[in-house]
Amino acid sequence: MSHRIAVIPGDGIGVEVVREASRLLTTLSEKRGLGLDLWQLDLGAERFLRDGTTMPPAVFEEIRATCSAVLLGAVGDPRVPSNQHAIDILFGFRFGLELYANIRPVRCLGERLSPLKHYGPGNIDFVVFRENTEGLYVNVGGQVRRGTVDEIAINEDINTRKGVERIIRAAFEYAKSHGRTKVHMADKSNAMRHAHELWLRVFREVAKEYPGIEAVHAYVDALAMFMVQDPSQLQVIVTCNLFGDILTDLGAALQGGLGMAGSANVHPGHTLALFEPVHGSAPPLAGKDVANPFASFLTVGLMMSHLGFEGLEALIEGTIRECIEARECTRDVGGTLGTRATSEAFHTRLLAKLG
Ligand code: NAD
Ligand code: IPM
Ligand code: MN
């Protein structure tokens, strides 16, 4: 069986890290006979500025009909202040394919990378399940009396029973299938008494179906503190769209920065899914050969596991650990190499293992 992978480098450092992640996909495919067929797509700010194209409906449909996965670098460019292309591309996939689970592992891969005393690879290892199709991201709302002193700006927070239940269930199912024994749900039900009362009630209901898994409720402000004070108590966190966005940048800091955080956007049970590093296009770093490609490599690892290619995620992760240890890495994680040289060093080690 072959798999067609749509590859969208996008903007800024997305272009540089996806070039290396494409090399990794090609290497794995050739060495392990995975039958991956990469389809490079010219979408992003450059294309938008050139001809106004964001996400052509025909391309979206072709991806839906023929692809197993999408690899996205990052979208966002200061020359497009409306962020229209990014919204159409990123949210086009997340909402359009109903990829309701944004799975973001927080695992520290090197002693040196942890910013916390007493915490590192042995005890920073949890996964955030971020709701990915609802909440404040649906863009229901509007502006009234725009530009006047009486202006009103509204973004509604949309939480459906179905949407809340399925992401909470996905987190418990993940815990169950990955040998995890605890799920934290982070909300703000003490203040948001409609929307997050629903989260708390559904969390308690769904938890009853998983008697072997400890269900812990935490207000998100306290959970943010726990993440820094004692991340070892965390295994799986489930939360809403916006809180998940914020907590996973904080989580990235526990991994050594955004250059070390990968993510998967999935609809459990469906093959087609979107894979992207947690970081953005980092305009100040773009085009300088300094971006860390490891977040995109870890993202490829998540894709390999999702497609059922066992052992490759661990192989990628193990190789990154070795590179970090040997300081064959970019400056953000204590090395001296550029993006290309880091990828070269990684591939040299990987090829030695793949044979
Ligand atoms: P960012 O993640 O792009 O960068 C923040 C900082 O993190 C960078 O300045 C850099 O110091 C560090 N960093 C990020 N990735 C790195 C890497 N691979 N290697 C080394 N250091 C790295 O966040 P931002 O500056 O807030 O956003 C820039 C643009 O990216 C905005 O347009 C934003 O909307 C967009 N964005 C897109 C995505 C996405 O496409 N999924 C995600 C986040 C942000
Ligand atoms: C992320 C990003 C996006 C989000 C932005 C670019 C809209 O920060 O994937 O974490 O908020 O979801
Ligand atoms: Mn984010």
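Each ligand, and each atom within it, is numbered from 1 in the order the structure gives.
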Checklist entry - Which heavy atom of the protein is the closest neighbour of atom 2 (C) of ligand 2, given with residue, atom name and distance? => result Asp245 OD1, 4.0 Å

Can you give me a line-by-line list of nitrogen or oxygen pairs between ligand 1 and the protein shorter than 3.5 Å?
from	atom 1	to	atom 2	distance (Å)
ligand 1	2 (O)	Gly280	N	2.7
ligand 1	3 (O)	Gly280	N	3.3
ligand 1	3 (O)	Ser281	N	3.3
ligand 1	3 (O)	Ala282	N	2.8
ligand 1	18 (N)	His279	NE2	3.4
ligand 1	18 (N)	Asn292	O	3.1
ligand 1	19 (N)	Asn292	N	2.9
ligand 1	30 (O)	Ser281	N	3.1
ligand 1	30 (O)	Ser281	OG	3.2
ligand 1	40 (O)	Val75	N	2.9
ligand 1	41 (N)	Glu276	OE1	2.8

Checklist entry - Going by distance alone, is a donor N or O of one side chain under 3.5 Å from an acceptor N or O of the other, for Thr148 and Asp150? => result no

Item to check | Glu131 side chain to Thr133 backbone, donor-acceptor under 3.5 Å | outcome: yes

Checklist entry - What are the protein N/O/S atoms, named by residue and atom, that sit under 2.8 Å from the Mn ion (ligand 3)? => result Asp245 OD1

Next on the checklist: If you compare all heavy atoms of Gln40 against all heavy atoms of Pro9, which two are closest, and at what distance to 0.1 Å?
Outcome noted: OE1-CG, 4.0 Å

Checklist entry - Which ILVMFWY residues can you reach from Val290 by hopping between side chains whose heavy atoms are under 4.5 Å apart? => result Ile13, Leu285

Next on the checklist: Check whether Asp11 reaches the backbone of Gly44 with its side chain - one donor and one acceptor, N or O, closer than 3.5 Å.
Outcome noted: no

Checklist entry - Under 3.5 Å, is there a donor-acceptor pair between the side chain of Asn241 and the main chain of Val138? => result no

Item to check | Stepwise side-chain hydrogen bond (donor to acceptor under 3.5 Å, both in side chains) check, Glu20 with Thr339 | outcome: CA-CA 8 Å; Glu20 305 310 325; Thr339 309; over 6 Å; no

Item to check | Side-chain cluster (under 4.5 Å, hydrophobic types only) that Val80 belongs to, other residues | outcome: Phe48, Leu49

Checklist entry - Would you say the side-chain atoms of Tyr137 and Asn132 include a donor-acceptor pair closer than 3.5 Å? => result no

Checklist entry - Do the rings of Phe297 and Phe294 sit parallel, tilted or perpendicular, given the 30° and 60° boundaries? => result tilted

Checklist entry - Among protein heavy atoms, which sits nearest to atom 11 (O) of ligand 2, and what does the distance come to when rounded to 0.1 Å? => result Tyr137 OH, 2.6 Å

Checklist entry - What are the two closest heavy atoms between Glu156 and Ile154, and how far apart are they? => result OE2-CG2, 4.0 Å

Next on the checklist: Closer than 4.0 Å to some heavy atom of Phe91 - which atoms of ligand 2 meet that?
Outcome noted: 7 (C)

Checklist outcome for this item: ligand 2 atoms nearer than 4.0 angstrom to some heavy atom of Arg104 are 1 (C), 9 (O), 10 (O)

Next on the checklist: To check your reading of the model: name the closest protein heavy atom to atom 5 (C) of ligand 2, its residue, and the distance in Å.
Outcome noted: Leu90 CD2, 4.3 Å

Item to check | Nearest option to atom 9 (O) of ligand 2, as decided by whichever heavy atom of Glu276, Arg94, His279 sits closest | outcome: Arg94

Checklist entry - Can you tell me if Asn265 uses its side chain to pair, donor with acceptor, with the backbone of Leu274 under 3.5 Å? => result yes

